[in-house]
Amino acid sequence: MKNYIVFDLEWNQSIEGKEHSIEHFPFEIIEIGAVKLDERRNMVSEFHGLITPQVYVELHRKILEVTHMDMETLKREGRLFPEVIKEFLEWCGPDCRFCTWGAMDLTELQRNMEYYQVEIPFERPLYYLDIQKLYALQKGNGKERVSLDRAVEELELLEERPFHRALDDAYYTGKVMQEIDLETWGKYLSIDYYWIPGRRAEEIYLEFPTYAKYVSRGFETKEEILADKVVTDMICQKCHRMLRKKMQWFSVNQKQYFCLAVCPEHGFVRGKIRIKKTEDGRLYGVKTMKLVDENAAQDVFKKKEEQREKRRENRIRKVHR
Ligand SMILES: [Zn+2]
C-alpha cells in the first residue's frame, strides 16, 4: 500500500543576492508542510514544521512579501532542520510517492539534507508526481503551466485558507491531485535530477504513452555526451526499432539539441536533448523521443533553418563591427 505525500516547502535566501549564497545551498528551508493521501487519495494526515534558519538569518524581502513569515516566529517556534526533517521522514513512512507542485522542492529538500549531513534515504532514481505538470496534461497539451492559485480557482476548490504558507499550499496541491485522473496521467512520472546515474548500467529509460525519456550518466564535457552513441541513438517507442535520422542533431542554444528520425512503420520521431549540470559540475543529457505528425516534423526543419539564419546574421554583424 502506497501513500502519497504531497508536500511544499518555503525557503529563504541570501538578502545580499545570489552571488553571496553558499555553493550548493542557495535556499535554506524554513517551513515544511505536507498532507498524506492514502491509496484512494483520501487525506488522512497533515504535517507542519517550522525551521529556524542557521545560514541566511535575515528574511529576504521576497519571502516576507509572499509568505508573511517573520524571523521572530521562526526563532520562537522553529526547530533545527535535522530534527524537523527526521520527524517528517518518519511521518512519511517507508513506502510513499512524493507529489509536489512544480519540479523544485525535492531537489531543494535534498540539498538541505546534504548541507546538514542528514542521510538521504530515497530510492534512486527518485520518481515523483509533479501535480502542476499532470494538471497541465489533463487540461491541455501539457505545455501551459499555471500557478497553484489559478488551478485551485479553475477547479473551484477555494476554501477559507490562505495561500503561500507551506501547509496550505500542500493542502491545495492535494486537493488538485484528487481531481487528476491518475489512471490516465499518473503514468507521467517525473524524475528528480538531484541524483543522476553514475554509470551506464544506471542510466534511465522510461516510456510514456506519447514519448520516451532517457537520462544519461554524468560526463566531463558536452562533447563526450554528444559522442556517446546511446545518447544520440533514436528509437521508436512503439516498435523499439533503431531509427534512421532524417536530420542529424543540431543545437539551438548550446543547451538544447534536436533531430528528426523516421520509423518505417510509425512515422516521424522528434529527438530532443537537453544538456544539464549536476551538483558537482558534471554534465548529463536528458533525451526525449516523441512520435510526431508531419506538421511537427516540418517545425524541426524550420527550427534548423532559423538557426542557420541566426548564425549567418551573427557572422555579418561581426564583420561590420
Ligand atoms: Zn516504430
Mind checking whether [X] and [Y] sit in one hydrophobic cluster, side chains of I, L, V, M, F, W, Y counted as touching below 4.5 Å?
X	Y	value
L148	M69	no
L9	L129	no
F208	Y193	yes
L243	L291	yes
F47	L37	no

First locate atom [atom1] of [X], then atom [atom2] of [Y], and finally report the distance between them rounded to the nearest 0.5 Å.
X	Y	atom1	atom2	result
R161	K175	CZ	NZ	9.5 Å
I15	H60	CD1	NE2	8.0 Å
Q298	D293	CD	CG	10.5 Å
E23	E279	CD	CD	9.0 Å
D169	T100	CG	OG1	12.0 Å
E179	L157	CD	CG	5.0 Å

Which atoms form the tightest heavy-atom contact between [X] and [Y], and what is the distance?
X	Y	answer
E144	A136	O-CB, 3.3 Å
S216	P197	O-CD, 3.5 Å
E31	I51	N-CD1, 4.4 Å
T221	L283	C-CD1, 3.9 Å
V176	A151	CG2-CB, 4.3 Å
L50	V84	O-CG2, 3.8 Å

Do [X] and [Y] come close enough that some side-chain heavy atom pair is under 4.5 Å?
X	Y	answer
Y56	S21	yes
P121	M113	yes
V152	E159	no
K86	E90	yes
V215	P125	no
E28	Q54	yes
I63	I30	yes
Y194	L109	no

[atom1] of [X]: more than 12 outside heavy atoms within 6.0 angstrom?
X	atom1	value
K277	NZ	no
E119	CD	no
Q117	CD	no
E183	CD	no
E202	CD	yes
E123	CD	yes
E156	CD	no
K304	NZ	yes

Exercise for review: Run the numbers on E305 and R308 for salt bridge (Lys or Arg N to Asp or Glu O under 4.0 Å), then give the verdict.
Suggested key: CA-CA 5 Å; E305 212 34 65; R308 210 176 271 158; 3.1 Å; yes
Practice item. Let me know which of H240, K213, K187, M289 forms a side chain to side chain contact (heavy atoms under 4.5 Å, CB included) with E207. Key: H240
Practice item. Decide side chain to side chain contact (heavy atoms under 4.5 Å, CB included) for V6 and M43; before the verdict, give the C-alpha distance in whole Å, the side-chain angles of both, and the deciding distance to 0.1 Å. Key: CA-CA 10 Å; V6 186; M43 280 195 199; over 6 Å; no
Point to revise | Worked verdict on I316 versus R312 for side chain to side chain contact (heavy atoms under 4.5 Å, CB included) | key: CA-CA 6 Å; I316 294 172; R312 205 176 63 90; 4.0 Å; yes
Under the 3.5 angstrom rule, does the side chain of [X] hit a backbone N or O of [Y] as a donor-acceptor pair?
X	Y	value
K287	D233	yes
Q138	L134	no
Q256	I275	no
N12	E58	yes

Practice item. Please work out whether the ring planes of W91 and F88 are parallel, tilted or perpendicular, with thresholds of 30° and 60°. Key: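 Aromatic pair W91/F88 classed parallel.
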Exercise for review: Report the C-alpha separation of E114 and R111 in whole Å, then their side-chain angles, then the decisive distance to 0.1 Å, and conclude whether the salt bridge (Lys or Arg N to Asp or Glu O under 4.0 Å) test is met.
Suggested key: CA-CA 5 Å; E114 186 86 43; R111 278 178 160 168; over 6 Å; no
Practice item. Supply the members, apart from F250, of the Ile/Leu/Val/Met/Phe/Trp/Tyr cluster built from side-chain contacts under 4.5 Å; use none for a lone residue. Key: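 M247, V252, F258, L260, V262, F268, V292, V300, F301, all in the cluster of F250.
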Exercise for review: Kindly state each residue pair satisfying ring pair (Phe, Tyr, Trp, His ring centres under 6.0 Å) with at least one member in residues 96-128, sequence neighbours excluded.
Suggested key: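 Qualifying pairs, neighbours excluded: F7-F98, F25-Y115, F81-Y116, F98-F122.
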Check your understanding: If you look only at pairs with a residue in residues 165-186, which of them pass as a ring pair (Phe, Tyr, Trp, His ring centres under 6.0 Å), with sequence neighbours excluded?
Key ->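 Found F163-Y172, W185-Y188.
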Check your understanding: Would E265 and R241 satisfy salt bridge (Lys or Arg N to Asp or Glu O under 4.0 Å), going step by step from the backbone distance to the final call?
Key -> CA-CA 10 Å; E265 199 182 332; R241 268 194 189 92; 3.2 Å; yes
**Study point:** Worked check of salt bridge (Lys or Arg N to Asp or Glu O under 4.0 Å) between E306 and K310
**Key:** CA-CA 6 Å; E306 279 165 23; K310 248 190 231 161; 5.9 Å; no
Practice item. Start with the C-alpha distance between I225 and D228, add both sets of side-chain angles, then the distance that settles side chain to side chain contact (heavy atoms under 4.5 Å, CB included), and finish with yes or no. Key: CA-CA 5 Å; I225 299 181; D228 191 278; 5.8 Å; no
**Study point:** K272/Y211 under side chain to side chain contact (heavy atoms under 4.5 Å, CB included): CA gap, chis, key distance, verdict
**Key:** CA-CA 11 Å; K272 179 176 171 184; Y211 64 97; over 6 Å; no
Check your understanding: With distance as the sole criterion, is a donor-acceptor pair present between the side chains of T232 and W249 under 3.5 Å?
Key -> no
Point to revise | Any donor-acceptor N or O pair under 3.5 Å, side chains E203, Y205 | key: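 No, Y205 and E203 have no side-chain donor paired with an acceptor closer than 3.5 Å.
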